[in-house]
Amino acid sequence: MKLRFTKMQGAGNDFVVLDATRKSLALSPEQYRALADRRFGVGADQILIVGPAPAPGVDFSYRIVNADGGEVEQCGNGARCFAKFVRDHGLSDKDAIRVQTLSGVIEPRLQPDGRVTVDMGEPVFEPARIPFDPHGLQARPAGGHEQWPLELGGTTTVMVAVASMGNPHAVQRVDNVDTAPVAEQGPLIEAHPRFPRRVNAGFMQVLSRDHIRLRVYERGAGETLACGTGACAAVVIGIRQGWLDARVDVDTRGGRLSIEWNGAGTPVLMTGPAVSVFEGEIEV
Ligand SMILES: N[C@H](CCC[C@H](N)C(=O)O)C(=O)O
């Protein structure tokens, strides 16, 4: 099958974007993996499939498939690229675009400076809704801002806090993201049995109450240069732990994301770049 695609990136998290607004697309996990392959295909962390409005009151749908071929619930950097894609391709002239994802409706808004702000909805912290199985673990400190001891085998136990932005995140605070054991611990956390749907593993360095550095070993993609939902998860966790204020700049290896959260009952707002790199055609 010949496919037209747009290659995009948001803070270095890169995507193959497919337009399924006029004609539905049903690719297999193998075909998605082939598209994402950085040697034999286009290369991407995720594939984004833009579809028509599934219901009144929503402008589009948008599906996300990780490089490993698995479909997932949400993608923050992808949401910004989605919004730029539909504007660049004349599919919408709106500034604020309501889009249905597997984890609900989100609303990216194109800003005059070219960045995109996304209302990512409210974070979730209850373990069962992450999902995370804390059975037999003692949270520290007990109470609303708990961290959990996660055994990684051998003598290594790390303290993680968990959150969902529609997709699951386990975040640990580290002294320096440059020396954090992302390559060693990332895969162990991602596939840890206490996360029945696996998990994105975040490593957060707190520089000040409004500035952090972050690396994320993503579920189904490995370490990416940036993770939008990971930045949201790290900030809301940092706010609950008392380390951060409501507005935080998140420096990732691929660029800066700005996150705002004003506490329980309010949505997380994420602002960052969205860039089209090239258009192409490929046989899959
Ligand atoms: N790997 C993620 C999906 C992509 C999220 C990330 N690229 C973002 O910008 O939020 C997961 O399996 O939940």
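Every heavy atom of this structure was used, including side-chain atoms; hydrogens, water molecules and symmetry mates were not. Everything quoted here is computed from the prediction, not taken from an experiment.
- Taking 4.5 Å as the limit, some side-chain heavy atom of Leu91 sits within range of a side-chain heavy atom of Arg22.
- Taking SG of Cys232 as the start and CD1 of Ile237 as the end, the distance is 11.0 Å to the nearest 0.5 Å.
- Using a cut-off of 4.0 Å between Lys/Arg side-chain N and Asp/Glu carboxylate O, Glu107 and Lys94 are scored as not salt-bridged.
- No chain of hydrophobic side-chain contacts below 4.5 Å, direct or via other Ile, Leu, Val, Met, Phe, Trp or Tyr residues, connects Val16 to Val86.
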Determine, stepwise, if the pair Val72 / Leu102 fulfils side chain to side chain contact (heavy atoms under 4.5 Å, CB included). CA-CA 7 Å; Val72 290; Leu102 270 187; over 6 Å; no
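- Between Arg98 and Asp59, none of the side-chain N atoms (NZ, or NE/NH1/NH2) sits under 4.0 Å from a carboxylate O, so this pair counts as no salt bridge.
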Check the pair Phe85 / Ser276 against side chain to side chain contact (heavy atoms under 4.5 Å, CB included), numbers first and verdict last. CA-CA 8 Å; Phe85 177 84; Ser276 281; over 6 Å; no
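- Counting all heavy atoms, side chain and backbone alike, Asp133 lies closest to His135 at OD1-N, 2.9 Å.
- Annotation: side chain of Val50 is not in contact with side chain of Leu18 (no heavy-atom distance under 4.5 Å).
- The side-chain heavy atoms of Val216 and Val171, taken from C-beta on, include no pair separated by under 4.5 Å.
- Closest heavy-atom contact between Asn176 and Asp178: OD1-N, 2.6 Å.
- Checking side-chain atoms of Arg253 against main-chain N and O of Leu214 turns up no donor-acceptor pair under 3.5 Å.
- Contact check for Val162 versus Phe195: side-chain heavy atoms found under the 4.5 Å cut-off.
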List the steps and the verdict of side chain to side chain contact (heavy atoms under 4.5 Å, CB included) for Ile282 and Leu35. CA-CA 8 Å; Ile282 187 169; Leu35 275 174; 3.7 Å; yes
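- By the 4.5 Å heavy-atom criterion applied to side chains, Val42 and Lys7 are counted as neighbours.
- In this structure, Ala11 and Ala226 approach most closely via the heavy-atom pair O-CB, 3.2 Å.
- With no hydrogens or angles considered, a side-chain donor-acceptor pair links Thr229 and His169 at under 3.5 Å.
- Ion pairing between Asp14 and Arg38 holds under the 4.0 Å rule for side-chain N and carboxylate O.
- The shortest heavy-atom contact between Gln31 and Ala26 is OE1-O, 4.3 Å.
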Could you walk me through whether Ser258 and Thr271 pass the side-chain hydrogen bond (donor to acceptor under 3.5 Å, both in side chains) test, one step at a time? CA-CA 5 Å; Ser258 297; Thr271 300; over 6 Å; no
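- Rounding to the nearest 0.5 angstrom, the gap separating the CG atom in Leu110 from the NZ atom in Lys84 is 8.0 Å.
- Phe203 and Leu244 fall into different hydrophobic clusters, where Ile, Leu, Val, Met, Phe, Trp and Tyr side chains are chained together by heavy-atom contacts under 4.5 Å.
- For the atom pair CD of Glu279 and CG of Asp88, the computed distance is 8.5 Å after rounding to the nearest 0.5 Å.
- Judged by the 6.0 Å distance and 45° axis criteria, Arg173 is positioned over the aromatic ring of Trp243.
- Neither side chain, Asp19 nor His89, offers a donor N or O lying under 3.5 Å from an acceptor on the other.
- Of all non-hydrogen atoms in Pro267 and Trp261, the two that sit nearest each other are O-CD1, 3.5 Å.
- Val236 and Ile130 fall into different hydrophobic clusters, where Ile, Leu, Val, Met, Phe, Trp and Tyr residues are linked whenever their side-chain heavy atoms come under 4.5 Å apart, directly or through other members.
- What you find for Ala246 and Asn262 is that their closest heavy atoms are CB-OD1, 3.5 Å.
- The distance from the CG atom of Asn13 to the SG atom of Cys75 is 5.5 Å, given to the nearest 0.5 Å.
- In Phe278, the CZ atom is crowded: over 12 heavy atoms of neighbouring residues, nucleotides or ligands sit closer than 6.0 Å.
- Under 4.0 Å is where a charged nitrogen must lie from a carboxylate oxygen, and between Arg219 and Glu190 no such pair does.
- Taking 4.0 Å as the cut-off between side-chain N and carboxylate O, Arg256 and Asp249 count as a salt-bridged pair.
- The pair Asp113-Arg115 meets the salt-bridge criterion, since a charged nitrogen lies less than 4.0 angstrom from a carboxylate oxygen.
- Using a distance-only test at 3.5 Å, with no hydrogens or angles considered, no donor-acceptor pair links the side chain of Asp245 to the main chain of Asp210.
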Going through the distances and angles, do Val105 and Val99 end up as a side chain to side chain contact (heavy atoms under 4.5 Å, CB included)? CA-CA 5 Å; Val105 176; Val99 60; over 6 Å; no
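- Residues Gln147 and Gln172 have side chains that never bring a donor and an acceptor to within less than 3.5 angstrom of each other.
- Between the CG atom of Leu137 and the CZ atom of Arg140 there is a distance of 9.0 Å, given to the nearest 0.5 Å.
- Using a cut-off of 4.0 Å between Lys/Arg side-chain N and Asp/Glu carboxylate O, Glu218 and Arg198 are scored as not salt-bridged.
- Looking at Thr156, Thr157, Val160 one by one, the single match for side-chain contact (heavy atoms from CB on, under 4.5 Å) with Leu150 turns out to be Val160.
- Between Glu71 and Arg63, some side-chain heavy-atom pair lies under the 4.5 Å cut-off.
- No continuous path of hydrophobic side-chain contacts links Val124 to Met120 [ILVMFWY only; heavy atoms under 4.5 Å].
- Using a 4.5 Å cut-off on side-chain heavy atoms (C-beta onward), Ile212 and Val248 make contact.
- Both tests hold for Arg240 against Phe125: distance to the six-membered ring centre under 6.0 Å, angle to the ring axis within 45°.
- Atom OG in Ser103 sits 7.0 Å away from atom CD in Glu73 (nearest 0.5 Å).
- Using a 3.5 Å distance cut-off with no hydrogens or angles, the side chains of Asn66 and Gln46 do pair a donor with an acceptor.
- By the rule that hydrophobic residues join a cluster once side-chain heavy atoms approach within less than 4.5 Å of another member, Val182 and Leu188 end up as members of one cluster.
- You'll find the side chain of Arg247 stays beyond 4.5 Å of the side chain of Ile259, heavy atoms only.
- Classification of the Tyr62-Phe82 ring pair by plane angle, with boundaries at 30° and 60°, yields parallel.
- Within 6.0 Å of CZ on Arg209 lie more than 12 heavy atoms contributed by other residues, nucleotides or ligands.
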